[in-house]
Amino acid sequence: MAEVQFRFRSDEPVADPGVTVDAFGAQSNAAAVRLEPGDDARDLLPHLGRLRLVEINFPVFGDGRGYSAARILSEAGYAGELRAVGDVLVDQLAYLRRCGFDAFAPEVPLDPTDADAAFTRYGQAYQPAADGLRPIWALRHG
Amino acid sequence: MYKYDSYDQQLVDTRVAEFRDQVRRRLEGHITEDQFKPLRLMNGLYLQLHAYMLRVAVPYGTLSSAQMRMLGDIADKYDRGYGHFTTRQNIQYNWIKLEEAPDILADLASVEMHAIQTSGNCIRNTTSDQYAGAAADEVVDPRPYAELIRQWSTFHPEFSFLPRKFKMAVIASDTDRAAMRLHDIGIQIVRNDTGELGAAFYVGGGMGRTPMIAPCINPFVPLDRMITYAEACLRVYNRHGRRDNKYKARIKILVHELGKEEYTRQVEAEFAHLLTQGVEPPLAELERIKAQFAEPPFEVGISDEVDRSDPDFALWLDTNCLPHKAPGYIAVTISLKPVGGIPGDASADQIRLMADLARDHSFDELRVTHAQNIVLPHVKKADLYALWQALDAAGLGTANLDRIGDIIACPGLDYCSLANARSIPVAQKISERLSPRSEEIGELKLKISGCINACGHHHAGHIGILGVDRKGVENYQLLLGGCEGADTSLGTITGPGFDEDGIVDAVDRATSVYLANKQGAERFLDTYRRIGMAPFKEAIYG
């Protein structure tokens, strides 16, 4: 189980690893769940109240379904930890952050300097996403 | 033309710095080629058979003369003095050094250009009608909508790791000059009964190994919801498109497997949800962009006459020029298909000459066409003869638009690591053999792909040629009857394939069948549609 290397939250991390979506449905007290690329994030929407951690797994970085899963959860008002796990590389960090991920547990730890640059490099974006950044069109038309 | 403001410029400049850093990490060995590959691809840098190839985005095919001149200078400075214009209205350089790629991106950024998302499984450059803003039949200039899509799709955080690449085209006339229905999403800007503008969405078209014509899934999306609708189309695809097999990963397969109705139902549900999320730019943003595509200051009351006394000029005028919506003006296509030449190639000097001519005679504007030619959209008829003389002196005066010599060809096995067969030599041989009969044969769109990925659009050629590998030998299949216009159709394979000389003979025979059977003003395609495959087959294999 990879360590959380970057976290943008101040609350206490959930200690338990996420259970599968199937197990989560069956355990009425579980607060942490792990989504695989084929899982439907919308299955979690009835349970957002008790969720404190959603891990979204990227078995390979090129499988981008987790980006949609993260945005769907954020759009539904989920405010717990959204953690990217698996094949998480430096050059995906900015996109992940914009889709609502606020914790990162890469399988292979990343160079902290490169990661920091990736998180901060682009201060602006053309489109709104899940990070609250005002898009460029909003800045243009104030 | 669209001009960057400080926001646009900053994003592009930041990208240059980011890519410079990625190249540094690669050259210093901090990242492996496997890790670097998706990064360089996101910047249009491919590793081909002999060298790196850089693909530069030309959004909706529109260039200023300063941008065009820079493309010529880059060809001289970093390549071997040539650029290659592509079927997606972009330009490629085939002999690039990795360590110089960041400098090229910096040079491009200095003229408001980039190579962002010209490859990779993301939303690619949005293409459009090469006569936008000039064509007499357009409802409106389609480019502001394409620019809005360019901005929305640039660095889209959710859609940068799609199942497969994603291509969009926007047109605004019933005559489709951009092969709109052969794109992942094709948008036609239309006017409804009450005079309002909206976007008709066609989703799930494409070429490749499983060519499909996109069905219309929504005939009228209001303009203040267009981006939201596109976002819904993409989200359904990102979540449910196939990722188990790259050959089944394009959206056309998803739409086909779900069926148009079920895909549309899912899009409409996602759309209803996304309408609550505030992803749509305000109409004021579209208006801001539109203002930058304002019509050039056309002179009024000028002569609409052209002196046709030079027969070579008259032929070029009749073949390569299109009526313009402003009296006294005309849209000119510069053929990059000299007889026996490499389709789409231009030398650095030719590129700079075209830039100068655009500055002096076309309100500073050029267009790249998906047929790999260049358009000067707004030429005063009074200037036309002098313009043609300058083009002709530089080898750019070939009168063959939409003729048999105006061949679309992918780079093929001469450059591309995916290819199974060479495309360029076949194009050159056909051009040499049949160009002398160009006028007699008339309109005939011939398209050649060197592999099943169909970058040369062979499915959509009146005559299509597909190069395959048959037990280690290059083999060419012949297709007839494809078409990319409003009456889009896919070509049918005639039968067994041919070797390189055999395919040239087969094309020759197909054109003879046409000439023998043609009635009245029929084009090759019309005759084929009327008489069917049998007479062609008999002549070719008989």
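Throughout, protein chains are lettered first and strands after them, A, B, ... in sequence-line order, and every chain is numbered starting at 1. Worth knowing before you read on, the calculation uses all heavy atoms, side chains too, and leaves out hydrogens, waters and symmetry mates. Bear in mind that the values here come from a model prediction, so they are computed numbers and not experimental data.
With chain A as partner, the option from His30(B), Glu231(B), Gln35(B) having the largest number of non-hydrogen pairs under 4.5 angstrom is Glu231(B). Taking Ile227(B), Leu234(B), Ile31(B), Asp5(B) one by one and counting their heavy-atom pairs under 4.5 Å with chain A, the maximum is reached by Asp5(B). With chain B as partner, the option from Ser68(A), Pro128(A), Gly38(A) having the largest number of non-hydrogen pairs under 4.5 angstrom is Ser68(A). Ranking Gln22(B), Arg25(B), Met42(B) against chain A, the residue ahead of the rest is Arg25(B), based on heavy-atom pairs under 4.5 Å. Ranked by heavy-atom pairs under 4.5 Å with chain A, the first of Pro163(B), Ser153(B), Gly241(B), Pro38(B) is Pro38(B).
Minimum heavy-atom separation, Gln127(A) to His156(B): NE2-CA, 3.5 Å. Heavy-atom minimum distance, Arg98(A) versus Pro157(B): CB-CB, 3.7 Å. Of all the heavy atoms in Asp91(A) and Glu18(B), the pair that sits closest is OD1-OE2, 4.3 Å.
Here the side chain of Glu158(B) pairs no donor or acceptor atom with the backbone of Gly64(A) at under 3.5 angstrom.
Of the atoms belonging to Ser160(B), it is side-chain heavy atoms, and not backbone ones, that fall under 4.5 Å from chain A. In this structure, no portion of Asn121(B) lies under 4.5 Å from any heavy atom of chain A. Only the side chain of Asp21(B) comes within less than 4.5 Å of a heavy atom of chain A; its backbone N, CA, C and O stay farther away. Only the side chain of His273(B) has a heavy atom closer than 4.5 Å to any heavy atom of chain A. For Glu287(B), no part lies under 4.5 angstrom from a heavy atom of chain A. Residue contact with chain A, scored on non-hydrogen atoms closer than 4.5 Å, involves the backbone and the side chain of Leu11(B) alike. Using a 4.5 Å cut-off between heavy atoms, Arg15(B) touches chain A through backbone and side chain atoms alike. For Leu274(B), the part sitting under 4.5 Å from any heavy atom of chain A is the side chain, from C-beta outward, and nothing else. Using a 4.5 Å cut-off between heavy atoms, Leu139(A) touches chain B through backbone and side chain atoms alike. In this structure, chain A has heavy atoms under 4.5 Å from both the backbone and the side chain of Arg239(B).
Within 6.0 Å of OH in Tyr4(B) there are more than 12 heavy atoms belonging to other residues, nucleotides or ligands.
In this structure, NE2 in His240(B) is found 6.5 Å from CG in Asp40(A), a value given to the nearest 0.5 Å. Taken from OG1 in Thr276(B) to CD in Glu75(A), the straight-line distance is 7.5 Å, to the nearest 0.5 Å. Here the CD-OH distance, from Glu285(B) to Tyr126(A), works out to 9.0 Å after rounding to the nearest 0.5 Å.
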**OP:** Run the numbers on Glu270(B) and Arg71(A) for salt bridge (Lys or Arg N to Asp or Glu O under 4.0 Å), then give the verdict.
**Re:** CA-CA 12 Å; Glu270(B) 198 67 63; Arg71(A) 267 189 86 188; over 6 Å; no
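Between Pro282(B) and Trp137(A) the shortest side-chain heavy-atom distance falls below 4.5 Å. The shortest side-chain heavy-atom distance between Arg235(B) and Ile72(A) falls under the 4.5 Å cut-off.
Relative ring orientation between Phe161(B) and Phe61(A) is described as perpendicular, the plane-to-plane angle rising above 60° on a 0-90° scale split at 30° and 60°.
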